[in-house]
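A short worksheet on the structure shown next.
In what follows, every heavy atom counts, from backbone to side chain, and hydrogens, waters and symmetry copies are set aside.
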Amino acid sequence: MNQFIMLMRREWMQHRIGWLLVMLAPTVLLLALGLVDGGIQINVNSDKVDLPPFAHAPALVQTGLLVTAVTGVTLAMALLSLGFQAPGLAWRDQQDRSIEFWNSLPVGHAKAVGAMLVAQALLMPMGAIAVGIVGGLLASVVAIGATHGAMAWLGLPWGQVALVSGLLLLRMAVALVVAMAWLSPLLLLTMAASAWLRRWGVPVVAALTLAGTLLLDKRLPQPLIGPALWRPTSEALHALLYFDAVRDAHVKQVQDAVDLLPGLPQRLLNDLPAMLGGLASPAFLAALAGGALGFALLVLRRQRGA
């Protein structure tokens, strides 16, 4: 366990500046936007929703919108950063020759790869969720102070806000684990291709994917490659974005949004078993098997060194 923690600290020491920039950028941008003339302007109008301009909304509604928006954007940026970095991480130690140093230590290759994946694919995005929630609350200070005054922000029902924020963090953290489990074959097999083929890894994966979906699927009795790519992606997006807790909630006016808050903690708790219940399927087991194969290929490539 001490070795595993040491390896994750290595990821933090090596990537902390980039991680912090990605996590803090949406909050800093929104705070700066809130301080300029005109402040934060958001309009939500459709056939089903008719909320007033953001500046005219109650303080509680402003806080909820900001927390949701900043958390979503921060997590999206973290996941995009992971997607861009993942191919390079797969053969980082071979590229900078540090593999020779790590091979001289009593650290297992599986443990080294596992620590990298936990830090990069789980802990960093979870940190982004937490930073996004706190950033949304900070942005609400500026937004509410500009429209309703500082006392309106201090007068929010902070017990409920804190409870909902904590449960939102829990729900999103669990959703992230579920999403990463679904995406593990896509992520780890692409990383394995990059580890074995270096810079040709991503182009080869992209070419095989296009050939499989555009050529092979049309010649098979039933498409195989397209559904194998679409199912994990759709399930991951469903876990992260689709809240069963508020599916039946009708928010057409401001008061509907305010009335939703008292029951939201229980709704978020009820959402967890509904989300986890979908994991009992052959498709999820196949996704785990694909992720395990990618992990094994990464470990094997690391064992072979340069």
Distance, nearest 0.5 Å, that separates CG of Leu82 from CD of Gln120: 7.0 Å

Answer whether the closest heavy-atom distance between the side chains of Asp217 and Pro227 falls below 4.5 Å. yes

Please determine whether residues Val202 and Leu298 belong to a single hydrophobic cluster, defined as Ile, Leu, Val, Met, Phe, Trp and Tyr linked transitively by side-chain heavy-atom distances below 4.5 Å. no

Atom of Arg171, atom of Leu240 and distance for their closest heavy-atom approach: NH1-O, 4.0 Å

Using 30° and 60° as the class boundaries, would you call the ring planes of Trp19 and Trp12 parallel, tilted or perpendicular? tilted

Working to the nearest 0.5 angstrom, can you tell me the gap between Leu176 CG and Leu123 CG? 9.5 Å

Results of side chain to side chain donor-acceptor pair (under 3.5 Å) for Arg231 - residues two or more places apart only: Glu235

Heavy atoms of Thr71 and Ile129 approach each other most closely as CG2-O, 4.0 Å

If you round to the nearest 0.5 Å, how far is CE of Met8 from NZ of Lys111? 11.0 Å

State plainly whether one hydrophobic cluster holds both Met124 and Ile133, where clusters connect Ile, Leu, Val, Met, Phe, Trp and Tyr through side-chain heavy atoms under 4.5 angstrom apart. yes

Leu215 CG: over 12 foreign heavy atoms closer than 6.0 Å: yes

Give the minimum heavy-atom separation between Leu188 and Gly291, together with the two atoms involved. CD1-O, 3.1 Å

For the hydrophobic clusters of this structure (ILVMFWY residues joined by side-chain heavy atoms under 4.5 Å, transitively), does one cluster hold both Leu168 and Leu241? yes

Verify the cluster assignment for Met180 and Leu285: are they in a single hydrophobic cluster under the rule of side-chain heavy atoms below 4.5 Å apart? no

Enclosure of Trp230 CH2 (heavy-atom neighbours >12, cutoff 6.0 Å): no

Donor-acceptor check, side chain of Thr190 to backbone of Leu186, threshold 3.5 angstrom: yes or no? yes

Using every non-hydrogen atom in the two residues, find where Val178 and Ala239 come nearest and quote the distance to one decimal. CG1-CB, 4.1 Å

Separation between NE2 of His238 and OG1 of Thr233, rounded to the nearest 0.5 Å: 14.5 Å

Straight-line distance of Leu300 CG to His109 NE2, nearest 0.5 Å: 10.0 Å

Pro232 to Trp182 - nearest heavy-atom pair and separation: CB-O, 3.2 Å

Val131 reachable from Leu138 in the ILVMFWY side-chain graph, under 4.5 Å edges: no

Around Arg16, counting heavy atoms of other residues, nucleotides and ligands shown, do more than 12 lie under 6.0 Å from its CZ? yes

Verdict with supporting geometry, Met191 and Leu297, side-chain contact (heavy atoms from CB on, under 4.5 Å): CA-CA 9 Å; Met191 291 180 67; Leu297 290 173; over 6 Å; no

Looking at CG of Leu137 and CD1 of Ile144, how far apart are the two atoms once the value is rounded to the nearest 0.5 Å? 9.5 Å

Contact summary for Pro125 and Leu75, nearest pair of heavy atoms: O-CD1, 3.8 Å

